[in-house]
Number of protein chains: 2
Amino acid sequence: MAKIPDADLLFKALADPSRRKLLDVLHAHDGQTLNELCEHLDMTRQAVTQHIDLLEAANLVATVRQGREKLHFLNPVPLQQIYERWIAKFEKPRLKAL
Amino acid sequence: MAKIPDADLLFKALADPSRRKLLDVLHAHDGQTLNELCEHLDMTRQAVTQHIDLLEAANLVATVRQGREKLHFLNPVPLQQIYERWIAKFEKPRLKAL
DNA sequence: TTGACATGCAAGTAAATACTTGCCTATTAT
DNA sequence: ATAATAGGCAAGTATTTACTTGCATGTCAA
């Protein structure tokens with residue numbers, strides 16, 4: 001049971017186009033149910049669930065069970081962390097404001 | 001021969017920890033040869049080459065052949081594009097400066 | 001010009017990934 | 001109560017991925 005680093009879960013979650021699409025779909029309309037999310041992807045509900053599981057593991061999506069429905073919410077914080085660790089660091093040095 | 005979108009190559013390239021390590025190693029010291037890069041990873045030279053091929057496909061690394069050596073250079077531009085497309089867009093709305 | 005060094009190319013393999021099908025459970029509406 | 005709805009769980013499969021081993025080629029130094 002080797003611990004998988006956060007960065008790994010995060011980049012793995014982002015590596016699949018269907019999962020990135022789910023992020024876009026949630027960004028357009030947060031709080032959708034599983035079935036609503038399924039309408040945007042050409043695969044079975046179970047496959048979508050598996051993608052969402054990875055997004056949850058990466059902490060990019062949080063869910064709330066409400067009655068028989070499951071609502072999905074976007075969490076942009078891990079994306080910010082990618083920025084700080086992997087993008088700002090690699091920026092070409094900009095001219096410092098004078 | 002379906003065309004693979006750039007975003008896909010980019011996120012796939014970033015999905016592997018060895019490849020992200022290569023980016024860090026190059027960031028610390030740009031222009032290293034293949035053998036130099038190999039010293040930082042616990043795998044065969046050929047495996048490292050394969051990782052670098054993916055980084056090149058994603059346009060994150062450019063190479064120059066010099067004599068019998070191959071020099072590797074980091075290109076941060078695609079990371080900026082990730083920021084614009086996938087991070088800025090998802091930022092929690094910030095208070096507008098008044 | 002011969003040997004050592006730096007890299008390229010190709011085929012094989014084990015594990016991970018992205019699905020599928022099939023069935024089960026919980027909640028709601030009639 | 002019953003049926004339809006929303007979702008969970010698990011096992012099977014085809015493809016992709018991350019390596020390996022083995023060998024070939026180009027460059028440089030002695």
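Chain letters run A, B, ... following the sequence lines, proteins first, then strands; residues in each count from 1.
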Donor-acceptor pair, His29(A) side chain versus His27(A) backbone, under 3.5 Å?
no
Please pick, from dA6(C), dT20(C), dT20(D), the nucleotide with the shortest atom-to-atom distance to any side-chain atom of Met43(B).
dT20(D)
Kindly say if Asn35(A) contacts the phosphate of dG7(D), meaning a side-chain N or O under 4.0 Å from OP1 or OP2.
yes
Using a distance-only criterion (donor-acceptor N/O pair, under 3.5 Å, no hydrogens), is the base of dC19(C) paired with the side chain of Gln50(A)?
yes
Electrostatic pair Glu39(A)-Lys21(A), nearest N-O below 4.0 angstrom:
no
When Lys70(A) and Ser18(B) are each assigned the nearest nucleotide of DNA chain D, the 5'-most assignment goes to Lys70(A)
Gln46(A), nearest nucleotide to its side chain (from dC5(C), dT21(C), dT21(D))
dT21(C)
Rounded to whole angstrom units, what separation is found between the CG atom of Asp42(B) and the P atom of dC19(D)?
10 Å
Given atom CG of Leu54(B) and atom P of dT17(D), what is their separation to the nearest angstrom?
8 Å
Heavy atoms from C-beta onward define the side chain here; which of dA18(C), dG7(D), dT21(D) lies closest to that of Asp16(A)?
dA18(C)
Examine the base of dT7(C) for any acceptor or donor lying under 3.5 Å from a partner atom in the side chain of Arg45(B), and report the outcome as yes or no.
yes
Quick test of your reading of the model: are Lys89(A) and Asp24(B) salt-bridged, counting only N-O distances below 4.0 Å?
yes
Separation of atom CZ in Arg20(A) from atom C1' in dA18(C), rounded to whole Å
14 Å
Can you tell me how far P of dT17(C) sits from CG of Leu14(A), to the nearest Å?
14 Å
Under 3.5 Å, is there any donor-acceptor pair linking the side chain of Arg68(B) to the base of dT7(C)?
no
On DNA chain C, more 5' by nearest nucleotide between Lys12(A) and Arg65(B) is Arg65(B)
Between atom CG in Leu41(A) and atom C1' in dT20(C), what is the gap in whole Å?
15 Å
Shortest side-chain distance from Ala47(B), nucleotide among dT17(C), dG8(C), dC19(D):
dC19(D)
Here the distance between atom C1' of dC5(C) and atom CD of Glu39(B), to the nearest Å, is 14 Å
For the pair made of CG in Leu9(B) and P in dT16(D), what is the distance, rounded to whole Å?
14 Å
Electrostatic pair Glu56(A)-Lys70(A), nearest N-O below 4.0 angstrom
yes
It should be established whether His51(B) places a side-chain nitrogen or oxygen under 4.0 Å from OP1 or OP2 of nucleotide dC19(D).
yes
Using the rule side chain to side chain contact (heavy atoms under 4.5 Å, CB included), only one of Leu26(A), Val64(A), Thr63(A), Val61(A) pairs with Phe73(A); which is it?
Val64(A)
To the nearest angstrom, the CG-P distance between Leu34(B) and dG26(D) comes to 18 Å
